[in-house]
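Order of listing sets the numbers, starting from 1, for every ligand and every atom in it. Side chains are part of it too, since the values below use all heavy atoms of this structure and drop only hydrogens, waters and symmetry mates. All residue numbers in this chain count up from 1 along the given sequence.
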Amino acid sequence: MTAAETWEALEQRVRELGELRRVMALLSWDRQTTMPARGVEARARAISTVAVLRHRHMIAPELGELLDAAEAGPLDAHQAAVVRLVRHDRDRSLRLPDELVRRIGMAATRGNAVWEEARTQHDFALFQPHLEEMVALKREQADLLGHDGERYDALLEGYEPGMRTAQVEPMFAALTSELAELLDQIRAADPLPAPPFAGRTFPADAQMRFSLRLLPDLGYDLEAGRLDLSAHPFSTAIAIRDVRITTRMYADDPFPSVMGTIHEAGHGLYEQGMNPDYEDLPVSSPPSLGLHESQSRLWENVVGRSRGFWQHYTPVICDVLGAPMAGTSPEDVYRHVNTVQASLIRVDADEVTYNLHVLIRFELELALMREELEVADLPGAWNDAYQRHLGIRPPHDGDGVLQDTHWSGGAFGYFPTYTLGTIYSAMLWERLRRDLPDVDGQIAAGEFAPLLGWLREHIHHPGSLYEGPELIERVTGGELDHRPLMRYLWAKFGPLYGLAPA
Ligand code: ZN
C-alpha cells in the first residue's frame, strides 16, 4: 500500500469507531431524556453490546498494522494527532478483556437505575452491593491498565490524559486550604440581602423561553443543537452539527436553570466549534474533560455570573419572566447569583464552595482506590468530610453520598476534572483579557462574538491537536496553576462581601 492508501484505510476504520461512539451517545442521550423507565434493562444490553463492538474494533490486529504503517510514513500535524490519540485509546483497550468491558457496562447501567431509587429513598444500603461490585471492577480495571503503584492514575488517565495524582493531590490540598480561608472570611461578613423576587413563582415555559433566547446570543447554534429537560443537566455531542444540551428548572428560582443552560452551552459551543474537516476523527474532540469543563465554567461563572452580563440581561429576563421579576435591578441579580453559602448539594453550589465539594469526592475516591476506605464506610466518611470542609452534615444519604450519578456508572477519576476545568478557565481568562482588553465592556453590551472568536481560535478549533497540558501552556504560557483562580475569586468576592484583601 502507498502511504495515501494506508491513510485512507486507517481513516476509514477510525471513522467507524467514531460512528459507534455516536450510536452510544445517542442511546445514552435518549435514556436520560425521553426513554420510559422500564426500558432500562434492554437499554443496558444495547449500550454494552455497542461498547463491546467498539472495543473489538479498537483491538482488531488490522488497526494495529495500519497504525504501525501510518507511523512509518510522512504525516501532517492532524494525521499525527489522530495516530497518537487512536494509539492511546487502543493501548488501553488492549489491556482490557471483552468480558470486563461487558461486566462494567452492565454494572454501570443497572447500578445507575438502583442508585436513582436509592437516592430517592435515602437508602444507601440498597445501593451498597452495586457500588461494591463497581469499586471491585474499577480496581481490577485500573490494575489491568497498569500504573506505577498509584491505581488512581490509571483511571484519571481515561479523563485527563497525562495528568497524575502526584501532580493534582498537592495542588488540590493547597486549593482546599485557600478556599477555606476565603470561605471563613465570607462567613464572618454580613450576608448579602435577598433579592426582591425571593418567594415568588416562575413558570417553566417562561424559564425555557429565556434560555432559548439567550443561547443564540452566546453563539450556540440551535439548528445544530437542542435544549431539553433532564434530571441532571448535561451536554452530548452526537456530531459537530448535532450537539445537544439539557437544563432543569425550579419553580421558586429561575437562576439555577439559567446557569445550567449557560454551563451546558459552554460545553456545546466547544463541540460546535471543532474543525469540521476532521469530524468523527478523535482530533476533533477535546483533549480532556478538564478542558471541556474549562469552557463550561468560563461561560457559566466568569461570563454568566459577571456584573456586566446582568447589566445587559436583567431587563431581558424581567421582560420574559414578567410580573414575578418586578422591582429587580441588575445589582440584585448579580448578588443573587454570587451568594456564597455552604450547602449540601454540589450542583447547586456557588463558585467558592463548589470546588470544596469536588475535592471531598476526590479525597474519598482516591482512598477507595488505595483501599484505605471500603464502600461500607463511605457514607460516614462523606459526612465527616462535609463537617470538616464545609461545616455542615447531611441529614440523610440522599443529600449526601447518594447525590451524584458518577460512581454508579463507574466514573472514578472523573471528579477532579471539574476542579481542573475551573483552574484552566481562570488561567484562560487571564490570558484572554490581555488579548481582549475590552471584553468586560463587550459582555456588558451583550456582544459575545469577540470572546467566542478567541475561544474558537485558541481552544475549540485545535481540538486535540495538542495534549491538554501542552495546549494550556501554548495558550497561557504557563503550567497548571491554581493561583489565577484564587486571584479571580478574591477580585470578585472581596468587594462583594467587603473583605480585607488576602
Ligand atoms: Zn460541565
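In summary, the aromatic rings of Tyr159 and Tyr414 are positioned with their centroids under 6.0 Å apart. A distance of 6.0 Å or more separates the ring centres of Trp407 and Phe127.
Residue-environment remark: CZ (Arg346) exceeds the threshold of 12 foreign heavy atoms within 6.0 Å.
Near the Zn ion (ligand 1), less than 2.8 Å away, sit the protein N, O or S atoms His263 NE2, His267 NE2, Glu293 OE1.
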Using distance only, find each side-chain donor-acceptor pair of residues 207-214 under 3.5 Å and give its atom names and separation, not counting sequence neighbours.
| residue | atom | partner | partner atom | Å |
| --- | --- | --- | --- | --- |
| Gln207 | NE2 | Phe202 | O | 3.1 |
| Gln207 | NE2 | Tyr250 | O | 2.8 |
| Ser211 | OG | Thr261 | OG1 | 2.8 |

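Using bins of under 30°, 30° to 60° and over 60° for the plane-to-plane angle, the ring pair Tyr313/Phe448 lands in the parallel bin. Phe415 and Tyr418 have tilted rings, their planes meeting at an angle from 30° to 60° on a 0 to 90° scale.
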